[in-house]
*Asks:* 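Can you read through this structure? Questions will come right after.
Here is the naming used below: chain letters follow the sequence lines, and residue numbers restart at 1 for every chain.
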2 protein chains.
Amino acid sequence: MTDAAETGTDRLDDDAATGALPDAAATGRGLPEATLERLTVYLRVLNAAESEGTPTLSSDVLAGAAGVNSAILRKDLSLLGGSFGRRGVGYDVPRLAEHLATTLGLRERWRVAIVGAGNLGRALAGYAGLRHNGFELTAIFDMDPDVVGRTINGLVVRPAESLEADIEAEQVNMAVMTLPGTAAQRVCDRLVAAGVRNILNFAPVVLQAPDGVNIRKVDMSRELQILAYYAHQGIGHQDAVPAEDVDA
Amino acid sequence: MTDAAETGTDRLDDDAATGALPDAAATGRGLPEATLERLTVYLRVLNAAESEGTPTLSSDVLAGAAGVNSAILRKDLSLLGGSFGRRGVGYDVPRLAEHLATTLGLRERWRVAIVGAGNLGRALAGYAGLRHNGFELTAIFDMDPDVVGRTINGLVVRPAESLEADIEAEQVNMAVMTLPGTAAQRVCDRLVAAGVRNILNFAPVVLQAPDGVNIRKVDMSRELQILAYYAHQGIGHQDAVPAEDVDA
DNA sequence: CGGTGTGAAAGCATTCACAGCA
DNA sequence: TGCTGTGAATGCTTTCACACCG
C-alpha cells in the first residue's frame, strides 16, 4: 500500500533518503552521508583532471569545479585520514583520486545485475559510469517474454525465473531495480533471499528490507517536485555554482 | 573541464546536491531540503491511500509507509502551518494530500521539455510520474539527425536548433537534461538564455549557471558509488524501513 | 606568501517527551 | 485514551579563522 503504482512502458524514479550512519566521521570509517556525496563529485573532477595530465589541484580550484566551497572540501578530505595535499601547492591529483576510489570501495569487484529491461534499464546498461569504477554488469533480467532473449549491450536479457539461480551462480553482489513500482517489493524480497545485500532502487516505492541490506533509492519524481517547489516559491534555489569561472 | 566525459548510446546520471535555502523553516515558505524530500514521499503514500479510499491516516502509519519515524513526520507537517491532523484520529488524507501538492507547487502548470532523446530521455518521456502532478511534457529535443523526427510518446523529436524558438513559443518553464556530459554545459547555457529557470540535470557534470536558476542533479553513478562504500565498509547502511510491518 | 589541516563556533535537522485536544 | 503539535535537548554539518608548513 505504500506503492504509488507507476506502470507503463518505462520504469522510473529517483531519490536518496538520508540515513545517517550510527557513529561516523572522525574514525576514518563511517563517513557522513553528506561527505560521501561530495566525495563522488571530487572523484569525478579528479579523474577528469588526471586524464588531462593536471598534476595538482588546489582546494579552491577543486572545490570550484565540484560546486562547493573550499572549507568543506578540506574538511571532507581531512576526514579521510591521510594527508593528500601539500601546503602551498595543492593536492596530488592521481594520489588523491586513487585514495578516494579505494575509500569508496571502487577497488572491489562489484558484480551488478539490472532487473527490469525497460528504457531505464537499457539506459543504465549502456551507461559508461557503470562500466567504469569496478562495476561489472553481469546480468539483465525482465519479466516480459517479449523482452527476454533480446540482447542489450552484449548481454542477453534473462527471464525473471532464473533470478535466484543466476545470482548465486554468478556471484552477483549488487542489484539495480529498474521496474514498475507494483513489482518492486516482490523482486526486492527475491533479491534479498538470493543473497543480494546492495540494491539501487529506481521504482517509486519505499522498500521494506531486513537489517543488513543496503538500499538506496533514486526518485525522479521527487526531484521534479522539489524543483517545482523552488520554482513556485520565490525563485532562487541554487544547486549549481553561481557562475564563477571555475575550470579545473 | 569539470566534465567527466560520459559518452555513448545512453545519457545518464543522477544526483542531488543539498543546497540549503538562506533562511527557511519556521516562516511557512522556505522549507528545509530534508523536509521537502520527505514531503514528496508522504504525498505519494497519501495519493495511494486516497485512491484506496482510506479517509485518515495516523502519523505512525503514514510515517511507517514513508520509511521515517513519526516524530519527524509530525515535525515536517507542523512546518507547513495549517493543522491537518485531528488528535486521537489522524490526518485527513485528501485534505493533507491536496495541501502538500499545493505547497510543492504541483498545482501550477509546468511545461517541461526533455533535451536528449536517448534511452533515459525516452524513459522519462513515458514516465507516469511526469504526466501526473501538473507536469506537462511539451517537447523533446535531440542533436542526432537519426533521432530527430521519431515519435516518442506522441511527441515528435525536434532538432536542437529549434530549442530557443520552441521554448519561447510554447512557454516551456522546466527542462530535463538527459544528454551526454560533453554537451551539458552548452545546452544549459542555451536553456538559460532562452529563459528556462528550472532544470533537472541527469548529465554527470557540475553545471555553472547564473543566480536565480534552479538546478537539481540526478547522478546514478553517485548512488552506485555510495552503495559500494556501504557495502565495502562494514555492511549495514539502511535506507529502507527495517522490516517492520507497515502497510498504510 | 600560498594553501593545507583543524579546533572551535554557528547553524540545521532529528529526536525526545509531554502538554493538550477530541 | 489516543494521537497531534511543539518546545527543548541532542547530535550533525557547515563555516570560520588561524596555526603551521613548503
Side-chain angles (χ1 to χ4, degrees), chain A residues 16-28 30-39 41-42 46 55-93 95-96 99 237-239, chain B residues 16-28 30-39 41-42 55-64 66-93 95-96 99 237-239:
Chain A
T18 307
L21 273 309
D23 57 14
T27 57
L31 297 164
E33 262 278 327
T35 294
L36 284 172
E37 299 190 350
R38 288 185 299 263
L39 292 186
V41 183
Y42 306 154
L46 288 165
T56 66
L57 236 39
S58 72
S59 63
D60 267 348
V61 175
L62 178 46
V68 302
N69 73 49
S70 62
I72 204 158
L73 179 138
R74 292 199 303 278
K75 179 66 85 180
D76 283 340
L77 297 187
S78 84
L79 294 178
L80 263 51
S83 194
F84 294 91
R86 280 194 322 190
R87 295 171 200 239
V89 180
Y91 297 98
D92 181 307
V93 168
R95 229 161 67 80
L96 182 53
H99 188 70
H237 166 69
Q238 260 290 32
D239 195 357
Chain B
T18 308
L21 273 309
D23 56 15
T27 56
L31 297 163
E33 261 277 328
T35 293
L36 285 172
E37 300 191 351
R38 287 186 298 264
L39 292 185
V41 183
Y42 306 154
T56 66
L57 237 37
S58 73
S59 63
D60 266 348
V61 174
L62 178 46
V68 302
N69 73 48
S70 62
I72 204 157
L73 178 138
R74 292 199 303 278
K75 179 68 85 182
D76 284 340
L77 296 187
S78 84
L79 294 178
L80 262 50
S83 193
F84 295 90
R86 281 194 322 191
R87 297 170 198 241
V89 179
Y91 296 98
D92 182 308
V93 168
R95 228 162 67 79
L96 182 53
H99 188 69
H237 166 70
Q238 261 293 31
D239 194 358

*Asks:* Which atom names give the shortest non-hydrogen contact between B:Asn69 and B:Ile72, and what distance separates them?
*Replies:* OD1-N, 3.0 Å
*Asks:* Without placing hydrogens or testing angles, list every side-chain donor-acceptor pair under 3.5 Å for residues 76-84 of chain A, not counting sequence neighbours.
*Replies:*
from	atom 1	to	atom 2	distance (Å)
A:Asp76	OD1	A:Thr35	OG1	2.9
A:Asp76	OD1	A:Arg38	NH2	2.9
A:Asp76	OD2	A:Arg38	NE	2.6
A:Asp76	OD2	A:Arg38	NH2	3.4
A:Asp76	OD2	A:Tyr42	OH	2.6
A:Ser78	OG	A:Lys75	O	2.8

*Asks:* So which heavy atom on A:Leu31 is nearest to which on A:Leu39, and how close?
*Replies:* CD1-CD1, 3.8 Å
*Asks:* Grab the CG-P distance between B:Leu31 and C:dA13 for me, whole Å please.
*Replies:* 10 Å
*Asks:* To the nearest Å, give me how far apart CG (B:Asp60) and P (D:dT4) are.
*Replies:* 7 Å
*Asks:* Give A:Ser83 one of three labels, base, sugar-phosphate or nothing, depending on what nucleic acid heavy atoms sit under 4.0 Å from its own.
*Replies:* sugar-phosphate
*Asks:* Quick one: B:Arg38 CZ to C:dC12 C1', roughly how many Å, whole number?
*Replies:* 12 Å
*Asks:* Please name the pair of heavy atoms, one in A:Ser59 and one in A:Tyr91, separated by the smallest distance, quoted to 0.1 Å.
*Replies:* CB-CE1, 3.7 Å
*Asks:* From CG of A:Leu79 over to P of D:dC12, roughly how many Å is that when rounded to an integer?
*Replies:* 13 Å
*Asks:* I need the full list of salt bridge (charged side-chain N to carboxylate O under 4.0 Å, His left out) pairs touching residues 77-92 of chain A, with sequence neighbours left out, sorted by first then second residue.
*Replies:* none
*Asks:* Between D:dT13 atom P and A:Asp76 atom CG, what is the distance in whole Å?
*Replies:* 11 Å
*Asks:* If you apply the rule side chain to side chain contact (heavy atoms under 4.5 Å, CB included), what do you find for A:Leu62 with A:Leu96, and how did you get there?
*Replies:* CA-CA 11 Å; A:Leu62 178 46; A:Leu96 182 53; 4.2 Å; yes
*Asks:* Whole Å only: how far is the CG atom of B:Leu73 from the P atom of C:dT14?
*Replies:* 12 Å
*Asks:* For every nucleotide of nucleotides 15-22 of chain D, 5' to 3': is a protein heavy atom under 4.0 Å from its base (B), only from its sugar-phosphate (S), or from neither (-)?
*Replies:* B-B-BBBS
*Asks:* How many whole angstroms separate atom CG of B:Asp92 from atom P of D:dC3?
*Replies:* 16 Å
*Asks:* In whole angstrom, give the distance that lies between atom CD of B:Glu33 and atom P of C:dG11.
*Replies:* 20 Å
*Asks:* Do any side-chain nitrogens or oxygens of B:Ser59 fall under 4.0 Å of OP1 or OP2 in D:dC3?
*Replies:* no
